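Note sheet for the following structure.
This is a predicted model, so every value here is computed, not measured. Along the sequence shown, residues carry numbers from 1.
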Amino acid sequence: MPAPSYSPQPSGLGRFVARLTDYTVHYAVEILLVAALLYLCFTRGLSIGVDVREPEAPPEPVPAARAVSEAGMGWISTFGEHVLSGLLFGASSPATEEPGSDLAAPESFGDVALTDDPAPHISNLTLILSPDYGRRKGLAPEIIAAKRQRVGRYLNRHAAAARREMETFGIPASITLAQALLESNAGDSKLAVNSNNHFGIKCRSKCLGCTCRNYGDDTRYDMFRVFDSVADSYREHSLLLTTPRYARLHQYGTDFRKWAHGLKACGYATDKRYAEKLITIIENLELDRFDRARG
């Protein structure tokens, strides 16, 4: 008679290990994703913010870029957006002049601050860059007049500062004023109003020795300088244009056209039409009059 077969029964630990192995194989993809997210959180400095509150009525409008996540996906979509941003851009500072990161959705550095402007949705420079825009779009005469007045008031306030910088650093006042007008929306941008930054000047590497604030520009991680006064902003602009990166521009004297194209070539702005815009502003407002010696 054959001996009865005997199958050893697994111990409790063995059953646990077997179940753990089964779960690991079954949920391998999910485990890898969670591990990747945790890695990003610890190595990239990412964070999760959960905001629990009663909904407001009526809800405030949100920027289009965030409408989907805030309207229906809640904190999970916001977290996913942060992780994807970390994968695409990273959270470490880029090269000098373009560092910084902030997970809060930033405002655009060109957004308009609250003012008495009757048409804040139209840039103050639109009618300077395209003088017939008001006629083509049928703008009310008071809006056209208000836009021109805002530009005129900016020049009245800051032309003297631009001339002082020209006398000290050799940068044409016309270029300084045209850049200031364009970059600050004639002083009405949030960056200008809240940070006294009239030239879109970004932070130094790692924000050492300066105060910065997060606004969106080339990426949502851009950090822009905060100045104690508008005069400090004008002086920093002059100092920036005397660095080796822009040194060759000084050979152009007061030739604002060469300065405008030189600024674009040296990478001051990413706008492909940056030089043309500066030249148009100078010509239409006759800003080169500020480059002439005082009689």
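The two residues Ile282 and Asp288 have their closest heavy-atom pair at CG2-N, 3.9 Å. Pairing each heavy atom of Leu125 with each of Ala186, the nearest pair is CD2-N, 3.8 Å. Closest non-hydrogen pair, Gly170 versus Trp259, comes out as O-CZ2, 4.0 Å. Smallest separation of non-hydrogen atoms from Gly253 and Pro172: O-CG, 3.4 Å. Residues Arg245 and Gly267 share a closest heavy-atom pair of NH2-O, 3.1 Å. Residues Gly187 and Ser184 approach most closely at N-OG, 2.8 Å, considering heavy atoms.
In this structure, Glu183 contributes its side chain and Ala180 its backbone to no donor-acceptor pair below 3.5 Å. The backbone N or O of Ile201 lies less than 3.5 Å from a partner atom in the side chain of Asn197, making a donor-acceptor pair. Put simply, the side chain of Asp232 never gets that close to the backbone of Phe227: no donor and acceptor are under 3.5 Å apart.
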With side chain to side chain donor-acceptor pair (under 3.5 Å) as the test, would you mind laying out the steps for Tyr154 and His198 before giving the verdict? CA-CA 11 Å; Tyr154 187 91; His198 285 228; 2.7 Å; yes
Verdict with reasoning, Arg225 to Lys202, per side chain to side chain contact (heavy atoms under 4.5 Å, CB included): CA-CA 5 Å; Arg225 293 285 303 278; Lys202 292 181 180 178; over 6 Å; no
Taking it one step at a time, do Asp228 and Asn196 satisfy side chain to side chain donor-acceptor pair (under 3.5 Å)? CA-CA 7 Å; Asp228 293 331; Asn196 286 319; over 6 Å; no
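Side-chain atoms of His261 and Glu276, non-hydrogen and from C-beta on, do get closer than 4.5 Å to each other. Side-chain contact between Thr242 and His250 is present, with heavy atoms from C-beta onward closer than 4.5 Å. Between Leu155 and Leu181 the shortest side-chain heavy-atom distance falls below 4.5 Å. Ile281 is listed as a side-chain neighbour of Leu287, based on a closest heavy-atom distance under 4.5 Å. Looking at Arg248 and Cys266, their side chains come closer than 4.5 Å, going by heavy atoms from C-beta outward. Residues Ser123 and Thr126 meet the side-chain proximity criterion, which asks for heavy atoms closer than 4.5 Å. Thr254 has its side chain out of reach of Ile175: every pair of non-hydrogen atoms, C-beta onward, lies at least 4.5 Å apart. For the pair Ile122/Leu127, no side-chain contact is recorded, criterion being any heavy-atom separation below 4.5 Å from C-beta on.
Considering only residues two or more places apart in sequence or on other chains, Tyr234 meets the ring pair (Phe, Tyr, Trp, His ring centres under 6.0 Å) condition with His158, Phe199.
Separation of atoms CZ (Arg163) and OG1 (Thr168) is listed at 12.0 Å; rounding is to 0.5 Å. Note that CG of Leu129 is 12.0 Å distant from CD1 of Ile279, once rounded to the nearest 0.5 Å. Note that OG1 of Thr280 and CZ of Arg273 are 6.5 Å apart. Values are rounded to the nearest 0.5 Å. For the atom pair Ser189 OG and Phe224 CZ, the distance stands at 10.0 Å (nearest 0.5 Å). In this structure, CD1 on Ile31 lies 10.5 Å from CG on Leu33, to the nearest 0.5 angstrom. To the nearest 0.5 Å, atom CZ of residue Arg153 and atom CG of residue Asp188 are 8.5 Å apart.
Following chains of ILVMFWY side-chain contacts shorter than 4.5 Å, one can reach Leu285 starting from Ile171, so the two form part of one hydrophobic cluster. Residues Phe290 and Phe169 share a hydrophobic cluster, clusters being chains of Ile/Leu/Val/Met/Phe/Trp/Tyr side chains in contact below 4.5 Å.
For the pair Arg257 and Glu283, the salt-bridge criterion is met [side-chain N within less than 4.0 Å of a carboxylate O].
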Using distance only, find each side-chain donor-acceptor pair of residues 133-145 under 3.5 Å and give its atom names and separation, not counting sequence neighbours.
from: Arg136; atom 1: NE; to: Asp132; atom 2: OD1; distance (Å): 3.4
from: Arg136; atom 1: NE; to: Asp132; atom 2: OD2; distance (Å): 3.2
from: Arg136; atom 1: NH2; to: Ser130; atom 2: OG; distance (Å): 3.0

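Screening residues 170-181 for side chain to side chain donor-acceptor pair (under 3.5 Å), with sequence neighbours left out, gives Ser174-Asp291, Gln179-His237, Gln179-Tyr274.
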